[in-house]
Amino acid sequence: MTDKELLDEIEREFGSHPPAPKNDADDLDAFLADLKQAIAPESQAAPTKKDTGHSLPPASPAKKEKQKAPKKEAREKAPKAAAPKKKAKQPNRPEKEPRGLTKFIIRHHVVINSFLILLCLALVAGIAAVILYQGSGDPLGDKIMNNVYVAGVDVGGMTREEAAEAVNAAIGTNYTEGVMNVRLGNNVLILSPSQTRPVLQREGAVEDAYAYGRTGSSSQQQEDFRNAQYSPKIISLEPYLSLNTDYIRSAVASFVESFSGEYTPSGYSLVGDKPPLDADNFDSSVPCQTLVLQIGTPGSQFDLDGICQAVLDGYYQNQFDVQIPSEYLPDFPEALDIDAIYRELHVDAAEAVQDSATGEVTPGSCGYTFSLEDARLQLETANYGDEISIPMAYIVPEKLEFNGSYTETLSSYSTPISSINAYNENLKLLCKELDGLVLEPGENFSFNTSLTRTEKGGYQKAPRHGNKCGDEEIGGGADQVATTLYVASMTAGLSVTEKHTADHLCDYTTKGTEISVSANWQDLKLTNPLSSPVKIRAKVTGQQVVIKILSEEPLDYYIKLETKDGYTTAHGTTFVTRKAADGYSTGDVLAEGADGGQVTLQWVKYDKATGKELSRTTESVQVPPRHTIIVNVSG
């Protein structure tokens, strides 16, 4: 019967009814409200004998007679009507308005029908699933349920024979010949099968895989089937694998204890003073710092049971490379990030530049770094508690200073500064006056003429030869600058036309090259015999007096100084007077003595291309000894 035929039948039975709103079937809230309203009146109606199941109490005989009397009198008084010849047509009964549940069914028959249809479909689908699963003796078709793993192998959909073959291929000789690698942080413990003695019965694990989803009650089998759809079922080898667990526990405990102890963090530090890198103060002879990498040590607390269980789980799952979870391990020091350290310490070199419009010069600066590759290699093999020392190094740009067209360095010589402040300040003033001086081809130079060395010019009274000299003068330090310029000039190919050997041995230069200058009679004079001009660059860096001779044209040779000692002259003792107010005491030794003697200086010229010796200039120098200097206090 169609919906329309059902509706027509209800109308014939109960009369017409107002049409339901078009959207009632789609309005679930209205549906529920109407259902509640329909049920309520029905439940509140007075119970009757028929629908409550309870009998009313019987009426008394007197009451029954009293109820019958009026009816009887009425029948007797009523006139008897003649019997009609034809049964009169009964008038139409008045239409009854449907109420309660009936009205609700009429209004929502579409929703009710749809709900019943969906319910039937769901029941049919459920019954069909059960029939499909249980309709035969083996619903899996003699194959292992999907998503089941044995020894790391997905054996789902395989027969027992196929699964056994796949598992055997995956396991191979792991348990008879393979080693177990147990990784604890950056440490690795190796367990050999000769010690752990694993014996595996593989067939039992395959049978467990086959039995999964086939054993237990029907509901249990269905639950296994559903679970396998969402997560893999891992069949453990534990019931079929025997191991020497006592050995495993002992080996793990000994290994962890070997590197654990008091916790210390990893870190790094720079040993030594950072050298100046700017052009004015850079000195290549100043030693660089040393980078020290400290590898920390792990703590002493660890979970032995957790570590051992993780190892056993590896055996049970055919996993022979096991990373132990960090929660079982002692506190490990954080690994050093050598790349981050490199980024922090590395300094790029900068070339000196000159503004083409203004001519203003911006000096360059040296770079500073260490070998990242060497540091990485050493860290890879380092153990806890180790220290790794890596030297820092300079990166010298091609143009640290802007020298214009003077791009070729003919020579460079440096001497160490003193520990006396006044002496070092004099060195700086001397180099400032000398720096940038240019000698044209054939031009002469006089040290005394070019450098004034007066108190008015800012020079101070200081020892003539630095720390190991008892004689003081205004501009003390001039001898050291002159000596440095002398050696640089000789190795650059300049001609020295006048020089004077110092009156005693000095520690700041090569023995035999000590010279003296004075404003009155000792001078250092040079001549430029080259075909191109030369520029003198002089400066005091952090620890050195550095003098370079630059040229516009390169030379095809270079000159080296070689020395040879002859006889020696013994040193004596000299006494000097100092004031107690200056911190001196009688008997203080200002300088230790040193023997003098004969020194042979050889200026050897070599070919740049071949390294072949071209010429050799020899000079024999008598170097006076330096006496031990002892203080006598006055005042």
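- None of K539, K535, R537, K548 except one satisfies the salt bridge (charged side-chain N to carboxylate O under 4.0 Å, His left out) rule with D435; the exception is R537.
- Sorted by first and then second residue, the side chain to side chain donor-acceptor pair (under 3.5 Å) pairs involving residues 265-278 (not counting sequence neighbours) are Y268-E344, S269-Q294, D278-N281.
- By the ring pair (Phe, Tyr, Trp, His ring centres under 6.0 Å) test, F320 pairs with Y175, Y315, sequence neighbours left out.
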Practice task
Report the C-alpha distance between F259 and F332 in whole Å, list the side-chain angles of each, state the deciding distance to 0.1 Å, and finish with yes or no for ring pair (Phe, Tyr, Trp, His ring centres under 6.0 Å).
Solution key: CA-CA 10 Å; F259 58 75; F332 283 98; 5.8 Å; yes
Problem - Verdict with reasoning, V546 to F282, per side-chain contact (heavy atoms from CB on, under 4.5 Å) - result: CA-CA 9 Å; V546 181; F282 171 68; over 6 Å; no
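- In this structure, Q289 places its CD atom where more than 12 heavy-atom neighbours from other residues, nucleotides or ligands lie under 6.0 Å away.
- D321 meets the side-chain hydrogen bond (donor to acceptor under 3.5 Å, both in side chains) test with R183; sequence neighbours excluded.
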Side chains of residues 350-367: which donor-acceptor partners sit under 3.5 Å, not counting sequence neighbours?
from	atom 1	to	atom 2	distance (Å)
E351	OE1	E398	N	3.3
E351	OE1	K399	N	2.5
E351	OE2	E398	N	3.0
Q354	NE2	G359	O	3.0
D355	OD1	A357	N	2.8
D355	OD1	T358	N	2.9
D355	OD1	T358	OG1	3.4
T358	OG1	E360	N	3.2

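- A donor-acceptor contact closer than 3.5 angstrom links the side chains of E552 and S405.
- With hydrogens and angles left out, the side-chain atoms of Q598 and S620 include a donor and acceptor closer than 3.5 Å.
- Sorted by first and then second residue, the salt bridge (charged side-chain N to carboxylate O under 4.0 Å, His left out) pairs with a member in residues 556-569 read E562-R616; sequence neighbours excluded.
- Scored by the side-chain hydrogen bond (donor to acceptor under 3.5 Å, both in side chains) test, T484 finds T415 as partners (sequence neighbours excluded).
- Looking at N632 and T577, their side chains never bring a donor and an acceptor atom within 3.5 Å of each other.
- Relative orientation of the H346 and Y342 rings is parallel, given thresholds of 30° and 60° on the angle between their planes.
- Within a 6.0 Å sphere centred on CG of N186, other residues, nucleotides and ligands contribute 12 heavy atoms or fewer.
- A donor and an acceptor atom, one from each side chain of Q378 and D374, are located under 3.5 Å apart.
- Residues meeting the side-chain hydrogen bond (donor to acceptor under 3.5 Å, both in side chains) test with H500, sequence neighbours left out: E498.
- Among the candidates L427, V481, N426, L430, the single residue satisfying the side chain to side chain contact (heavy atoms under 4.5 Å, CB included) test with V540 is L427.
- Remark: K499 pairs with E619 by the salt bridge (charged side-chain N to carboxylate O under 4.0 Å, His left out) rule, at least two apart or across chains.
- Legend: salt bridge (charged side-chain N to carboxylate O under 4.0 Å, His left out) pairs involving residues 511-520, not counting sequence neighbours: none detected.
- Ring-centre distance between F302 and F255: not below the 6.0 Å cut-off.
- Remark: side-chain polar atoms of N528 are not paired, donor with acceptor, to backbone N or O of E443 under 3.5 angstrom.
- Among pairs with a residue in residues 288-303, none fulfils salt bridge (charged side-chain N to carboxylate O under 4.0 Å, His left out), at least two apart in sequence or across chains.
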Exercise for the section: Apply side-chain contact (heavy atoms from CB on, under 4.5 Å) to the pair L336 and I338, showing each step before the final yes or no. Expected result: CA-CA 6 Å; L336 287 173; I338 192 62; 5.7 Å; no
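- Using a 4.0 Å cut-off between charged nitrogen and carboxylate oxygen, R376 and E373 do not count as a salt-bridge pair.
- For the side chain to side chain donor-acceptor pair (under 3.5 Å) criterion with R626, the lone passing option out of D595, D507, D503 is D507.
- Every pair passing side chain to side chain donor-acceptor pair (under 3.5 Å) that includes a residue from residues 381-396 is listed here, sequence neighbours excluded: N187-Y384.
- When the side-chain hydrogen bond (donor to acceptor under 3.5 Å, both in side chains) test is applied to Y459, the partners found at least two apart in sequence or on another chain are E433.
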Exercise for the section: Give the intermediate values and the outcome of side-chain contact (heavy atoms from CB on, under 4.5 Å) for residues V311 and L189. Expected result: CA-CA 11 Å; V311 174; L189 169 64; over 6 Å; no
